[in-house]
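Down below is the structure, laid out as structure tokens.
Naming: A, B, ... by sequence-line order, numbering from 1 per chain.
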Amino acid sequence: MSNPVHKKSDFIERSILSALAFLKDATLSEEYANRKGLLQSLDPRFKTISFFAFLVTAVSLKNVVLIGTLYGLCLLLAFLSSIPVRHFLVRTLLFIPLFSLCIVLPTLFSIVTPGEAVWSFNILGISAVITRPGFDGALLFVVRIATSVSLVVLLSLTTRHSELLKVLRVFGVPPIFVLTVSMSYRYLYLFATMVENIFTAVKSRVGVVSHQRHGQNIVAWNIANTWNRTTQMSEEVYMAMLSRGYTGEPRLLSAFQATPKDWVWLLGAVIICASLFYRGYTL
Amino acid sequence: MNDIIFDLKNVQFSYLGKFPALCGVDMTIRSGEKIAVIGANGTGKSTLLQLLDGLIFPDHGHVTAFGEKLLENSHVDEKTAHRFRKRVGLVFQNADIQLFCPSVREDIAFGPLQLGVAEEEVDRRIQEVAQVLDIQHLLERVPHQLSIGEKRRVAIASVLAIDPDVYLFDEPTAGLDPLTVRHIIDFIVHANRLGKTIITATHDLHIIGEIADTVYVFDRNKRIVRGGATQTVLNDRSLLEANNLIHIHQHHHNGKEHVHQHLPLEPHD
Ligand SMILES: Nc1ncnc2c1ncn2[C@@H]1O[C@H](COP(=O)(O)OP(=O)(O)O)[C@@H](O)[C@H]1O
Ligand SMILES: [Mg+2]
């Protein structure tokens, strides 16, 4: 009787913990941003502009091969930036299907998108026909999503978040907003760590969370308590800011140093986007 | 008389008006002094340092800093605020609170930049301060992902970059390994030799012989029960024991059980 309960709670606990670990490692760690590689060596401003151009191109093109080219370029850049391509593929491709299939699936079929049949089959006596336009449209959509997601992930993997925030400032976002984003980010990290610690603490105190009820109460209480701690912390952070001379308008470091390499990169990116657009237009 | 930096008269403070944290404190601190404030947890040490840093204000009594009363509205004007912030720096007990910028470099730069120091000078200070605290290799890291010892050094660096006349340290050595403790003590002693005033809150009696000439002992009633020369206070065993600052230890020596007190100044064997 107690065995299946254990298995279930273990499973839930493990998935929560691994989700948190993923959140921390994937989005908050800067392991790849600190490596040496092509993208890491570029000025974040130039990198952000060029990736924005790539993104616009990927979204506007209507040809699968051309978008595929951009996707290939993205993988090449990942390789040149010392990101293991397999890891990169897993990270991006894993959640793309989930996301896009839900939207795309209905449009595959003849009821939604009529046209020449590619493949027909029977499910529970209802015949379904996948049509050529439906298939092409879905393929285009999936490739487009895959490319866009990969571009965004690649940019965020190879750029320290402090630099991304600085880019925001260069592009005219007010410093107070940037500081707020940066702090929320930090709270997210502290919050994830705290919840992780609480789970471990509860487990060590209550054994293997054998008394389900008891364990859950402690978790609930701790989460509320964590929230209180977080709000109290923000008051204290405000004092820490005051203590170092903050008077309402934060001043942060600015200087970025652009090199000729950055200009070459930007020129290259513009040429790539322009020729893709041109091909897409003439095809 | 103008070398008095802080003068506290019957200072009382409570959080939210109902949690008393300081209940009548008198204190005079002069320029260049090395002071330690010792007391068990919850005796009001952090509260005192925040009052001295003009972050909170007494309910009764008053704090005078550099000859002017610290009042709720005395730092509304940016110029006055900055003049005070340039002179007094607080290293918070919790380094996670103190470090709120996206990178170590920006955290060190934060103080000087707010205080209007030019960027080239800020860059120079970052390099200098990073060297003093041996954190050059951490400059591009995210502060909250560092180890506790690294965080503490970055926190000190972020205050050192302001180059204040008065340093307030809140439990600067708590939870650190012996080598890092050594570095921090050396830093404090050196700063004092350069003429800086040092006020440290701690309950680590092993370090106060070096970092303080004068010690104030806080008791459970959140008052000063004793103030005096470090040696004299340290020799008063019953006082320290009554205030939870030392405790009796049981040891094995050469196979025999034996009970003795924890000696504050001698390394513990
Ligand atoms: N934010 C707060 N809200 C309510 N009470 C507090 C708060 N901070 C501290 N206190 C109370 O004030 C007293 C003194 O705390 P503190 O100055 O942090 O002591 P110490 O630094 O010596 O450990 C304690 O009794 C503590 O419970
Ligand atoms: Mg304290």
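For chain A, the nearby parts of B/Leu90 are the backbone and the side chain; heavy atoms of each come within less than 4.5 Å. B/Ile126 touches chain A through its side chain: at least one heavy atom from C-beta onward sits under 4.5 Å away, while N, CA, C and O do not.
Counting heavy atoms from C-beta on, the side chains of A/Met239 and B/Ile97 never come closer than 4.5 Å.
Rounded to the nearest 0.5 Å, atoms OH (A/Tyr246) and CG (B/Leu115) are 14.0 Å apart. Note that CD of B/Gln50 and CG of A/Leu242 are 11.0 Å apart. Values are rounded to the nearest 0.5 Å. Note that CE of A/Met241 and SG of B/Cys101 are 7.5 Å apart. Values are rounded to the nearest 0.5 Å.
In this structure, A/Arg244 pairs ionically with B/Asp107, as a charged nitrogen and a carboxylate oxygen lie closer than 4.0 Å.
For B/His190, the NE2 atom is loosely surrounded, since the number of other residues' heavy atoms within 6.0 Å does not exceed 12. Counting non-hydrogen atoms of neighbouring residues, nucleotides and ligands closer than 6.0 angstrom, the CZ atom of B/Arg220 reaches no more than 12 such neighbours. Residue B/Gln131 places its CD atom among 12 or fewer non-hydrogen atoms of other residues, nucleotides or ligands, all under 6.0 Å distant.
B/Leu55 and A/Ser243 make their closest contact through CD2-N, 3.9 Å (heavy atoms, listed as atom of the first residue, atom of the second, distance).
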